[in-house]
Amino acid sequence: VRSVGGRAHTLTVLFILTCVLGYVTLLEETPRDTAYNTKRGIVASILVFLCFGVTQAKDGPFSRPHPAYWRFWLCVSVVYELFLIFILFQTVQDGRQFLKYVDPKLGVPLPERDYGGNCLIYDAHNASDPFHNVWDKLDGFVPAHFLGWYLKTLMIRDWWMCTIVSVMFEFLEYSLEHQLPNFSECWWDHWIMDVLVCNGLGIYCGMKTLEWLSMKTYKWQGLWNIPTYKGKMKRIAFQFTPYSWVRFEWKPASSLRRWLAVCGIILVFLLAELNTFYLKFVLWLPPEHYLVLLRLVFFVNVGGVAMREIYDFMDDPKLHKKLGQQAWLVAAITATELLIVVKYDPHTLTLSLPFYISQCWTLGSVLVLTWTIWRFFLRDITLRYKETRRQKQQSRGDPGRAVGTADGHLPEPGDPPGPTEAEAEGAPAPS
């Protein structure tokens, strides 16, 4: 929080924090419950760190609705990464049982729901409800898919990249359904309900929102300078929109550096999506548990900042000489989550892919690698060779174009032969 003069309320926050700690120390009697005191001490430590970060951390690229909001999520990123590292250094049994301190209902193996089975869209054998298979798939995750892809589109700001991530994740579900039963879905659940309806509609609405934000006039006026009540309410609502707008132009084929960066962004997005399912599987978290929802809310808030920092780092490396702090933390969190999955259930991850699946991924990898070599190496060599050859031919043809007829007319193919060099100098022509 910053004052009217633009200075952070660092002393105010420090005074309030000291008063609260003094009250707990001097006026409250410490309970004899060790587990309760441990939880309370950890929560208090996290809150003190968040207070420090909100007032002292460096501002990111976003300033709306308030820079302190984004500083808060930066500090939450640090806390979450430290929590993941702590879980990583525990044994599998201790790590799962540690979550009982968060919720006593956790730490119990949970069966995964199988979305496959009967994939008939119209079941003629069920006269009362022939579309029961479709209705069974319409659960609370359908609006979650739509909202998730709407927000991802606002982060990536590119239709092609969003579509590639959406389609590739469905291929990953196909490829890994032998590891996680949750990935076993009907074909129409993959391509119609997910890709076309939920993801496609979310991407479309996100692109329309981006179009509106790009055409919007960004002219801000102080709240107390607006005379009407309606204008004040509109100004408060617009406080939650960007202060200014930057259009993302990724241009992956413009250079090898940008191509590798875009591929890396897509890889991290897919890995973060997979971590959602694998973490639930190895840590025994029910899909509807609030920790799963909190993780998604966390990535929604930090993902937009990370994408903006990555784009600035790619687009203007002279001004942005190092990767942004939020982007660095998101990459570290994604990698740490993957390491937890690898440590807690290596057996599931080492289940070999079916032969036809591995062939498809090998073919796709070879095609991408071949295109990369051709586009950024062979094509450039060919173009440079053609340009060098063209310049040599042009330099060889320059002296011939300088020689013309006596009246300055350049010789044409159908013109009669002109005088020889001796005739031009006045010597008699041979008879």
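The model shown is predicted, which means the values in this text are computed figures rather than measured ones.
- Atom CG in L270 sits 10.0 Å away from atom OG in S166 (nearest 0.5 Å).
- When atom types are taken as modelled, the side chain of H178 and the backbone of S175 share a donor-acceptor pair closer than 3.5 angstrom.
- Annotation: side chain of L293 is not in contact with side chain of H289 (no heavy-atom distance under 4.5 Å).
- How far OG of S184 is from CG of L176: 12.0 Å, rounded to the nearest 0.5 Å.
- The CD1 atom of I87 sits 5.0 Å away from atom OH of Y344, with the distance rounded to the nearest 0.5 Å.
- Remark: the Y150 side chain and the T209 side chain contain an N/O donor-acceptor pair separated by less than 3.5 Å.
- No donor-acceptor pair under 3.5 Å is formed between the side chain of K280 and the backbone N or O of V292.
- Look at E249 and R258 and you find no salt bridge, because none of the NZ, NE, NH1 or NH2 atoms lies under 4.0 Å from a carboxylate O.
- The environment of OH in Y290 is crowded: more than 12 heavy-atom neighbours from other residues, nucleotides or ligands sit within 6.0 Å.
- Residues T334 and N275 share a closest heavy-atom pair of O-ND2, 3.2 Å.
- Between the side chains of Y278 and D345, no donor N or O sits under 3.5 Å from an acceptor N or O.
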Exercise. Could you walk me through whether E28 and R40 pass salt bridge (Lys or Arg N to Asp or Glu O under 4.0 Å), step by step?
Key: CA-CA 13 Å; E28 278 194 1; R40 198 181 187 194; 2.4 Å; yes

Practice problem: Any chance you could lay out the side-chain contact (heavy atoms from CB on, under 4.5 Å) test for L99 and L285, step after step, and finish with the verdict? | Solution: CA-CA 9 Å; L99 295 178; L285 292 171; 4.1 Å; yes

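- Under the 3.5 Å distance criterion, with hydrogens and angles disregarded, no donor-acceptor pair is assigned to the side chains of Q56 and T10.
- Proximity of a side-chain donor or acceptor of D103 to a complementary backbone N or O of L106 within less than 3.5 Å is not detected.
- In this structure, the ring of W250 has its center less than 6.0 angstrom from the ring center of F248.
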Quiz item: Step by step, would you call T372 with L256 a side-chain contact (heavy atoms from CB on, under 4.5 Å)?
Solution: CA-CA 8 Å; T372 303; L256 179 62; 4.0 Å; yes

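- Inter-residue side-chain proximity for N182 and E173 is flagged as unmet; no heavy-atom pair is nearer than 4.5 Å.
- Taking the ring centroids of F98 and Y101, they lie under the 6.0 Å cut-off.
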Exercise. Show your working on side chain to side chain donor-acceptor pair (under 3.5 Å) between S77 and Q326 and close with a plain yes or no.
Key: CA-CA 8 Å; S77 303; Q326 189 66 80; 2.9 Å; yes

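- Checking side-chain atoms of R71 against main-chain N and O of H66 turns up no donor-acceptor pair under 3.5 Å.
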Exercise. For the pair Y80 and E337, evaluate side chain to side chain donor-acceptor pair (under 3.5 Å) and give the outcome as yes or no after the intermediate values.
Key: CA-CA 10 Å; Y80 181 51; E337 288 180 340; 2.6 Å; yes

Exercise. Kindly determine whether F376 and W371 satisfy side-chain contact (heavy atoms from CB on, under 4.5 Å), including the steps that lead there.
Key: CA-CA 8 Å; F376 298 106; W371 185 88; 3.8 Å; yes

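- Considering only residues two or more places apart in sequence or on other chains, R379 meets the salt bridge (Lys or Arg N to Asp or Glu O under 4.0 Å) condition with none of them.
- Under the 4.5 Å side-chain criterion, counting only non-hydrogen atoms from C-beta, Y204 is not in contact with W149.
- Aromatic pair F171/W191: ring centres closer than 6.0 Å.
- The local environment of CH2 in W361 is crowded, with over 12 non-hydrogen atoms from other residues, nucleotides or ligands closer than 6.0 Å.
- Put simply, the residue from L274, D194, I164, N199 that forms a side-chain contact (heavy atoms from CB on, under 4.5 Å) with F169 is L274.
- Under the 4.0 Å criterion applied to side-chain N and carboxylate O atoms, R390 and E387 are assigned as salt-bridge partners.
- Contact detail for F269 and M155: the closest heavy-atom pair is CZ-SD, 4.5 Å.
- Looking at R157, its side chain does come within 3.5 Å of a backbone N or O of V246 through a donor-acceptor pair.
- For K251, the NZ atom counts as loosely surrounded, since its 6.0 Å shell holds 12 or fewer non-hydrogen atoms of other residues, nucleotides or ligands.
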